[in-house]
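Notes follow once the structure below has been shown.
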There are 2 protein chains.
Amino acid sequence: MDWSSIPSLASLRAFEALARHGSLSAAARELNVTHAAISQHLRALEADFGLTLARRDGQGMQLTEDGHELAAALGEGFARISDGVAALRDRARTRPVVVALTPSFAEAWLMPRMGGFWAAHPDVEVRLVPGVNLMDLRRDGVDVAIRFGGGSWPGVQAEPLALSAFVVVAAPGFTKARGMQDLARLSALDWFFSGASVEQRVWGQAVGVDFDAIGAREMANNGLVVSAVRAGLGLSIQAKALVEPDLASGQLIALHEGDAAGLGYYIVTRPDALSPGARLFVRWLRRRAKPA
Amino acid sequence: MDWSSIPSLASLRAFEALARHGSLSAAARELNVTHAAISQHLRALEADFGLTLARRDGQGMQLTEDGHELAAALGEGFARISDGVAALRDRARTRPVVVALTPSFAEAWLMPRMGGFWAAHPDVEVRLVPGVNLMDLRRDGVDVAIRFGGGSWPGVQAEPLALSAFVVVAAPGFTKARGMQDLARLSALDWFFSGASVEQRVWGQAVGVDFDAIGAREMANNGLVVSAVRAGLGLSIQAKALVEPDLASGQLIALHEGDAAGLGYYIVTRPDALSPGARLFVRWLRRRAKPA
DNA sequence: GCCACCTGTTAGCACAGCTTACATCAAGGA
DNA sequence: TCCTTGATGTAAGCTGTGCTAACAGGTGGC
């Protein structure tokens, strides 16, 4: 495409509007500018082409044949562009919001609350992508991630959703059955953990324990870990925010509680390009954050 | 057309170029800007739509599906616009140059020289429109006018082509046959003039004579006037520039010569919109002006 | 004659869109 | 392994396009 021979697009747009309205003032109103702006564009075009495009005709303007020819081309061209833009906006509006999060958070925190979002925004489709690895938001097409950690990751924006202390939990009967209150006397085999639980790995690093290394019992995912603990088979370390309901109902009891120390769940987004649906979802998340 | 929902056309143009080249730098080269400009436009579009349009991919860029959709629409739209502009330029290039002039000037000065222009520019069509009335250049679609007068007309540009004294001419035998050298003894009936000769009217005004009022013999056009004078039937006032050849060949002799006084032929053009052909014609005219 | 609308033109200002300048990263060749 | 080349990313700041403001004049309807 040889852009050098094409007059400024602003001029062409102005002329296209002029052609449709047949009057400088009307065109100016459509484009939210003054008539002087349109007049200048028209003069510039006529000087550039060396053609008269419109004759001044008392009230209003009359396109010449040359003017009509140009206007037709511009009308079609701009219409195609406008259609394409509109289609893309529509696509952006209806596109599912892709949310990456840790499996535990999805199960224990988000799913119980999702009903509220779906009720409020039935037209916004949300695709939850549970996963352990830190995904590259841009590369993997993720709109929003909920990550567990200290809140500082390079190249993304992060805001706290729910800072959370950790708790060591067990079934109410566990310590009684074992006849002990003393954590120090627990063996490695009493601990359950899951390599798939980002939260436990982060807490482990924070308190200086590598569950894998000390030979604790590993489960495939944190859901199994919690099941085992509920069954009175042992204990585990959990983000307090996630086991809140179990503690409240008495299904689990907290043996020890640790400091939040800035660790918790963060809403992580790309600095650029947040889709309309994603914007809604983030706003909804923020409102849920307070009570948690 | 709802322009408010359409991003800046410059951004869209930049993205269209990016889509075709698959690289910021290449697109920048096409548009004669730096890669930073393209990069900024891309970011602005992505932020506006809330969509990722292109993935950064080591060397070069890869459009997303959304990006391809947008690029297709833009490509077609801009192509239509570009075609329309090109067609109009072509039309402007090949359009005949409309030249308005006085009949006398056309016959006596321009026609003898037109061969030179046609030889130099065989592709430029020139339409001569001889006429007496001062035409409205814009309204009547006239590119160039050659007017006789003092050089100052409102709303147009005028540059001198050939300033010209007037001469009172007669056939060589005329005065001899009448046996007199003395202009004062000529009667009104010895004068020929034409109401269609702008030049004579202007000279008349300049010297304070209204040929019509004094009852001189009127002919339909100046060609007939000159014929009558050549035949020895009387005398007339003429722009010197137009009867130069007759004087040189001895067909006519000058009885009296008046001052140019700023009167003469001027190249008159509109301040705006001079078509390419018209530009050529005016330039050619200017070169002919010196020797005349 | 008045009013309400249009167009034409200039001077001057604001900001979109650019450049400059720096950074990082990947691919090739010495 | 280093160096060169050419890609992208981003911030700061300049510049010229495209606008407004403020004038003028013309036209049609009441």
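Convention: sequence-line order gives letters A, B, ...; per-chain numbering from 1. Nothing here was measured: the structure is a model prediction, and the numbers come from that model.
One can place CG of B:Asp48 at 13 Å from P of C:dA16, the figure rounded to the nearest angstrom. When the C1' atom of C:dG8 is taken as reference, atom CG of A:Leu18 falls 14 Å away, rounded to whole Å. A straight line from CG of B:Leu42 to P of D:dA7 spans 16 Å, rounded to a whole angstrom. Remark: C1' of D:dA7 and CD1 of B:Ile38 are 14 Å apart, rounded to the nearest angstrom. Distance CG (A:Leu9) to P (C:dC18): 11 Å, rounded to an integer number of Å. When rounded to the nearest whole Å, the span between CG of A:Leu24 and P of D:dA24 equals 20 Å. Rounded to whole Å, the distance from CG on A:Asn32 to C1' on C:dC15 is 17 Å. As a whole-Å value, the separation of B:Leu63 CG from D:dT8 P is 12 Å.
The side chain of A:Ala36 sits closest to D:dA21 out of D:dA11, D:dA21, C:dT7. Listed candidates were D:dT10, C:dT9, D:dC19. Nearest to the side chain of A:Ala37 is D:dC19. Picking from C:dT7, C:dT9, D:dA7 the nucleotide with the shortest atom distance to the side chain of B:Ser25 gives D:dA7. Residue A:Val33 places its side chain closer to D:dT20 than to any other of D:dT8, D:dT20, C:dT20. The side chain of A:Arg43 lies closest to C:dT9 when the candidates are C:dC6, D:dG9, C:dT9. Closest to the A:His35 side chain, of the nucleotides C:dT9, D:dA7, C:dC6, is C:dT9.
Between the side chain of A:Gln40 and the base of D:dT20, at least one donor-acceptor pair of N or O atoms lies under 3.5 Å. Taking 3.5 Å as the limit, the base of C:dG17 and the side chain of B:His41 contain no donor-acceptor pair of atoms between them.
Taking side-chain N and O atoms only, A:Ser39 has no distance below 4.0 Å to OP1 or OP2 of C:dT7. The side chain of B:Arg56 places an N or O atom within less than 4.0 Å of a non-bridging phosphate oxygen (OP1 or OP2) of D:dG9. Phosphate contact (OP1/OP2 of D:dA7, side-chain N/O of B:Ser23, threshold under 4.0 Å): absent. Contact check, A:Arg29 against C:dC6: a side-chain N or O comes under 4.0 Å of OP1 or OP2.
Within 4.0 Å (heavy atoms only), B:Ser8 reaches sugar-phosphate atoms of the nucleic acid but no base atom.
With sequence neighbours excluded, the residues satisfying salt bridge (charged side-chain N to carboxylate O under 4.0 Å, His left out) with B:Arg91 are A:Glu65, A:Asp66, A:Glu69.
Aromatic ring pairs are classed by plane angle as parallel below 30°, tilted from 30° to 60° and perpendicular above 60°; the pair B:Phe105 and B:Trp109 is parallel.
Side chain of A:Glu159 to main chain of A:Ile267: no donor-acceptor pair is present (N/O by atom type, distance under 3.5 Å, no hydrogens or angles).
Residue A:Met61 holds its CE atom at 9.0 Å from OG of A:Ser25, rounded to the nearest 0.5 Å.
With contacts defined as side-chain heavy-atom distances shorter than 4.5 Å, the pair B:Ile6/B:Leu12 qualifies.
Of all the heavy atoms in A:Phe78 and A:Leu9, the pair that sits closest is CZ-O, 4.3 Å.
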